[in-house]
Amino acid sequence: MASFVTKLKKVFLISAASSLLLIVFILDVIRRSVEIEAGWIVFVRDILVLVAFGIFYLLIESLWRKNQNPAKKLGFALVLSMIVGVASSLLFFISQSGFDVKNYLLIPLGFDSIVWSNIYGVVLSITMLVVFLVIRDIIFSKRRKATSRYFIILLVLIVLTSLSTFLTRPMETSVIRSVLFGLTVVAMFFNSIRLSWIVYLTKREKIFSIVYGFLLFGIFLAFNIVTSSGESEVSKALLFYSPPLQSFVRTISLFASIYFGMTFVSTLFHLPTAEAFDRKSSEVSSFHNLSRLVTQVFDFNELVDTVTSMTLEVCEAKSTWLEIIQIPSKKHGVHNPGGGTNSQKQAATVSLKNISQEDSQTIMTSGGEFLRDLIINGRKPIVIDNVKEDLRTKNFVINKNRFNSMAIVPLLSHEIVIGILYATKEVEYGFDKDDIDVISSFADQAAIAIENSRLIEKSIERERLMREMLLAQDMQKRLLPQQLPKLKEIEIEALSTPAFEVGGDYYDFTQLDDDHLGILVGDVSGKGVSAAFYMAEMKGIFQSLSKIYREPRDFLIHAHKTLTGTIDKRSFISIIYAVVHLPTGKMKIARAGHCPMLFVSQGLGKYIKPMGLGLGMGSSDFFERTIAQEEVQLSAGDLVVFYTDGVIEAHPGNGDEYGYDRLLKVVQKSSNKSAVDVRDAIIVAVDNHMNHETPEDDLTIVAMRWNKV
C-alpha cells in the first residue's frame with residue numbers, strides 16, 4: 001500500500017510540473033501571436049515557472065540517493081554535465097530565428113525561438129538543480145559544526161540573487177543584484193574550501209577525483225561563460241524563458257566551476273599522501289576485523305588464514321606464513337619453547353600466502369631454525385634488511401619465491417611464544433618501523449585470538465566430557481540398588497556419595513533365598529573413572545557368584561580369583577560381605593581389607609574385623625590362607641553399620657581424621673533410633689567435622705537394624 005501511494009505521489013508531481021510548463025509554453029505562443037500589454041500575464045507566467053521547478057525539486061529529492069561515495073557523486077555529475085553539454089553544443093548548429101532586444105526586453109523573432117527557449121530553460125535548470133544537489137551531498141559527506149550554517153547562507157543568497165531579477169527588466173542591470181551576486185560568490189568560496197572529505201578517499205578514488213574535478217571545472221566554466229554572455233543565444237533564450245532561472249543556472253554553473261576547480265587542486269595536493277592514508281585505513285579495517293575474530297572466530301583455520309592475509313595486504317609483503325609453536329608438557333620432560341632448543345619438532349606451519357609449503361620448509365631447514373630459536377629465546381621481532389648479506393640468513397636456500405628482506409614477529413601469550421609470523425619483501429630494507437609495529441600489533445591480536453580459539457575448543461571438549469561424566473554418573477547410580485530390601489525382620493537404609501562425578505564406592509543386596517539376605521559394601525582404591533569401572537565389574541561378580549557361593553568367605557575367595565589378571569596391579573578392591581539368616585538372626589561376615597563392621601547391641605558397640613586382604617592383592621593361595629569369617633548373633637534392637645573409609649578418613653583441610661572413635665560414639669548415641677536416623681546422624685557428624693567442606697573421598701553408609709525378637 002505504501003509503495004502504491006509513493007508511486008501515485010510521483011506520478012502526480014510529474015503531471016503537475018509538466019502541466020504548468022505546458023501552460024507556460026502556451027502563454028509564450030499566445031504572446032508571440034497576439035500583442036498583449038498586460039504585465040500581470042508575464043508575472044503569472046514567471047510564478048508558474050518557479051512553481052513547476054519547485055515541484056521538480058521535490059520530485060528529484062524523493063528519488064535522490066544521498067549515501068553514495070563523493071567520488072561516485074563526481075562521476076555522476078560528470079556524466080550528466082557531459083550529456084547536457086554535448087546536446088547543447090549540437091543545438092548551436094541548428095538555425096534559429098533568435099531574439100530582438102527592445103527596451104531591455106527580449107522579443108522572439110520566430111516560434112522556433114520560443115520552442116528552443118523552453119527546451120533550454122527546462123533542461124539546463126533541471127541539470128543545475130541536480131548538480132547543486134550533488135555538490136550539497138559532497139559538502140555534507142564529512143560535515144563540521146559550521147558546514148550547515150555556511151551552506152544555508154549560500155542557498156539563501158542564491159535564491160535572493162535569482163528573485164532580484166523581478167525588480168528589473170531581463171536585459172537591465174541592477175545594483176542590488178550585483179551586490180547580492182558578489183556576496184553569493186564570497187559564500188561560494190567559503191563552501192568550496194571545506195573539502196575534508198578528500199582526505200578519506202582511497203588513492204584510486206583520489207586519482208579519479210582529480211580527473212573528474214578537472215573535467216567538471218572546464219565544463220561548468222564553459223556553461224558559466226555561455227549563460228553569462230549577453231550576446232549568447234543560450235543566455236538570451238534562458239532570459240526570455242525565465243530571468244530567475246537564468247540567474248540560477250548562471251550562479252550554479254559558477255559555483256560548480258569554483259567547487260570542482262578547488263576539488264581538483266586540493267585532491268592533487270593530497271595525492272602524495274594517498275598511499276599512506278590507504279595503508280592506515282587498511283590497518284584500521286584490518287584491526288577491526290581482527291578484533292572481531294578475537295571474540296567470534298571458532299574456526300582455527302579461518303583465524304590463522306585471516307592473520308596472514310591481513311599481514312600480506314597491509315604491509316604489501318611478497319609472502320607471509322605463520323607457524324604455531326606446540327607447547328610441550330614439563331611433566332613429560334620435553335623442553336619448554338622458551339628455552340629455544342628442539343624448536344624444529346615444536347613448530348607447525350598452519351597458514352601460507354604466496355609461498356608453498358615446500359619452499360617455506362626449505363627456507364626453515366636451511367637456517368630458519370636459528371631464527372626460530374632466536375625468536376623463542378628473545379621474544380622480540382627480528383628484521384633482516386638484506387637476506388643475502390645478513391649472517392643469520394646467508395645460508396638460506398631460496399627457490400622460486402625470491403625475496404631480499406624479511407620480518408619475523410613472535411606471537412606471545414603470557415610471555416611464552418605460541419607462534420611466529422613471517423613476512424618477506426622483494427626489495428632490500430623493505431620493512432620499516434611502521435611495518436614492524438603493524439605486524440607486531442597483528443601478532444598480539446592474533447595471539448589473543450588463537451588463545452581464545454584454543455580455550456573455546458577446550459571449553460567445548462570440557463563440556464562434552466562433563467556431559468559424558470554426568471551420563472556416567474547417572475549410569476553408576478543405576479548400578480546401585482534402586483530399591484532397598486523390605487523385610488519384616490530388618491530395617492535397612494543406605495547412602496553413597498562420590499567425591500567426583502563418579503566414584504569407586506559400592507553397596508548392594510541380594511536375596512539368596514527365602515531365608516538368606518546378602519549385604520555387600522565395597523571400595524575400589526583410587527577415585528574417578530577407573531574406580532567406577534572396577535566398581536561396575538564388581539557388581540557383575542557379586543550378582544553372579546553370590547548365588548553360587550553362599551558362605552561369605554567362599555564368595556570372597558572366588559571373587560579374588562575372578563579379578564586376578566583383570567585388575568591393575570596398582571589397584572585393589574576392599575569388600576565386606578555379610579549373609580544374614582533371617583529365621584535365626586545369625587550373621588556371617590567376611591572382610592577383604594575393608595573397614596570393620598560396627599556392631600551395637602544393648603547400647604554397647606564394637607568393631608567386627610575378620611582378617612583378609614583386599615581383592616586383587618597377592619596370589620590366590622595366599623589370599624585363601626589369610627581370609628577369615630566370623631559370626632554374630634543378632635538380637636532385637638541390634639544395630640549394624642557398614643561404611644567406607646570416606647567416613648573415618650574425612651578431615652577438614654590439615655585437621656585430624658574423623659576416626660573410628662567418633663563414629664562409634666555417634667552410632668551408640670543413636671542406637672535407639674531408626675536406621676535412617678542413624679544414617680543421617682553419621683552424615684551430619686562427618687559434615688560438621690569437615691566444617692562443611694567438600695569431601696575428598698567417596699562416602700558410603702549402610703545402616704541395618706534387627707527388629708525380630
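The first residue of the sequence shown is numbered 1, and numbering continues consecutively from there. Remember, it's a predicted structure, so these values are computed and weren't measured experimentally.
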Exercise. Applying salt bridge (charged side-chain N to carboxylate O under 4.0 Å, His left out), name anything that partners Asp385, two or more places apart in sequence or on another chain.
Key: none

Practice problem: Not counting sequence neighbours, which residues clear side-chain contact (heavy atoms from CB on, under 4.5 Å) with Pro70? List them please. | Solution: Ile138, Ser141, Trp197

Self-check item: CG-CD1 distance between Leu371 and Ile363, expressed to the nearest 0.5 angstrom
Solution: 10.5 Å

Quiz prompt | Non-neighbouring partners of Tyr422 that pass side chain to side chain donor-acceptor pair (under 3.5 Å), sequence neighbours left out | solution = Glu323

Quiz item: Quick one: side-chain contact (heavy atoms from CB on, under 4.5 Å) partners of Val185, sequence neighbours excluded?
Solution: Phe181, Phe189, Leu254

Exercise. Could you check if a side-chain atom of Asn191 sits within less than 4.5 angstrom of a side-chain atom of Ile153, using non-hydrogen atoms only?
Key: no

Exercise. Apply side chain to side chain donor-acceptor pair (under 3.5 Å) to Glu389 and list each qualifying residue two or more places apart in sequence or on a separate chain.
Key: none

Exercise. Could I get the full list of side-chain contact (heavy atoms from CB on, under 4.5 Å) partners for Thr127, not counting sequence neighbours?
Key: Leu80, Val84, Val123, Val131

Exercise. Evaluate the criterion side chain to side chain contact (heavy atoms under 4.5 Å, CB included) for residue pair Val409 and Thr311; output intermediate values, then yes/no.
Key: CA-CA 11 Å; Val409 177; Thr311 304; over 6 Å; no

Quiz item: With a 4.5 Å heavy-atom cut-off, do Phe396 and Lys388 have their side chains touching?
Solution: no

Exercise. For Asn224 and Arg250, work out which heavy atoms get closest and say how close.
Key: ND2-O, 3.1 Å

Quiz item: What residues, two or more places apart in sequence or in another chain, satisfy side chain to side chain donor-acceptor pair (under 3.5 Å) together with Thr308?
Solution: Ser351

Quiz item: Are side-chain heavy atoms of Tyr429 and Ile384 found at a separation under 4.5 Å?
Solution: no

Quiz item: Going by heavy atoms in the side chains, are Asn404 and Lys425 under 4.5 Å from each other?
Solution: no

Quiz item: Got Ile436 and Val383 here, is their nearest side-chain heavy-atom distance under 4.5 Å?
Solution: yes

Quiz item: How far does OG of Ser178 sit from CG of Leu183, to the nearest 0.5 angstrom?
Solution: 11.0 Å

Quiz item: What heavy-atom pair brings Thr267 and Thr263 nearest, and what distance separates the two atoms?
Solution: OG1-O, 2.6 Å

Quiz prompt | Worked verdict on Ser253 versus Met128 for side chain to side chain contact (heavy atoms under 4.5 Å, CB included) | solution = CA-CA 7 Å; Ser253 62; Met128 294 305 166; 3.9 Å; yes

Quiz item: Would you say the side chains of Asp390 and Thr393 form a donor-acceptor pair under 3.5 Å?
Solution: no

Quiz item: Does CD1 belonging to Ile193 count more than 12 external heavy atoms closer than 6.0 Å?
Solution: yes

Quiz item: Which pair of heavy atoms, one from Ser257 and one from Leu221, lies closest together, and at what distance?
Solution: CB-N, 3.7 Å

Exercise. Decide side chain to side chain contact (heavy atoms under 4.5 Å, CB included) for Leu78 and Ile219; before the verdict, give the C-alpha distance in whole Å, the side-chain angles of both, and the deciding distance to 0.1 Å.
Key: CA-CA 9 Å; Leu78 178 62; Ile219 291 172; 3.8 Å; yes

Quiz item: What distance do Phe53 atom CZ and Phe248 atom CZ have between them, rounded to the nearest 0.5 Å?
Solution: 9.5 Å

Quiz item: Does Pro381 reach the side chain of Ile439, with side-chain heavy atoms less than 4.5 Å apart?
Solution: no

Practice problem: Would you confirm whether Ser405, through its side chain, and Val427, through its main-chain N or O, come within 3.5 Å as a donor-acceptor pair? | Solution: yes

Exercise. Check whether the ring centres of Phe217 and Phe260 lie less than 6.0 Å apart, and answer yes or no.
Key: no

Quiz item: Distance from Phe12 atom CZ to Leu58 atom CG, nearest 0.5 Å?
Solution: 11.0 Å

Self-check item: Nearest heavy atoms of Ser266 and Ile198, plus distance in Å
Solution: OG-CD1, 3.5 Å

Quiz item: Among all residues two or more places apart in sequence or in another chain, which pass the ring pair (Phe, Tyr, Trp, His ring centres under 6.0 Å) test with Phe140?
Solution: Phe151

Quiz prompt | Working for side chain to side chain contact (heavy atoms under 4.5 Å, CB included), residues Leu322 and Ile420 | solution = CA-CA 6 Å; Leu322 176 63; Ile420 303 175; 5.9 Å; no

Quiz item: Looking at CG of Leu201 and CG of Leu74, how far apart are the two atoms once the value is rounded to the nearest 0.5 Å?
Solution: 8.5 Å

Quiz item: Got a sec, which residues hit salt bridge (charged side-chain N to carboxylate O under 4.0 Å, His left out) with Asp444, two or more places apart in sequence or on another chain?
Solution: none

Quiz item: In chain order, what residues pass the ring pair (Phe, Tyr, Trp, His ring centres under 6.0 Å) check against Phe208, with sequence neighbours excluded?
Solution: Tyr212

Self-check item: Contact summary for Phe431 and Ala423, nearest pair of heavy atoms
Solution: CZ-O, 3.5 Å

Exercise. State whether the side chain of Thr165 and the backbone N or O of Ser162 hold a donor-acceptor pair below 3.5 Å, judged by distance alone.
Key: yes

Quiz prompt | is_close_aromatic(Phe214, Phe264), centroid dist under 6.0 Å | solution = yes

Self-check item: All side-chain contact (heavy atoms from CB on, under 4.5 Å) counterparts of Thr184, not counting sequence neighbours
Solution: Leu154, Leu157, Ile158, Thr161, Met188, Thr251

Self-check item: CG on Asp359 to CZ on Phe403, rounded to 0.5 Å
Solution: 9.5 Å

Practice problem: Report yes if the side chains of Phe223 and Leu124 come closer than 4.5 Å at any heavy-atom pair, otherwise no. | Solution: yes

Quiz item: Under 4.5 Å between any side-chain heavy atoms of Met406 and Ile408, yes or no?
Solution: yes

Quiz item: Which residues pass the salt bridge (charged side-chain N to carboxylate O under 4.0 Å, His left out) test with Glu426, sequence neighbours left out?
Solution: Lys318

Exercise. Grab the two heavy atoms, one from Asp137 and one from Lys73, that are nearest each other, plus how far apart they are.
Key: OD2-NZ, 3.1 Å

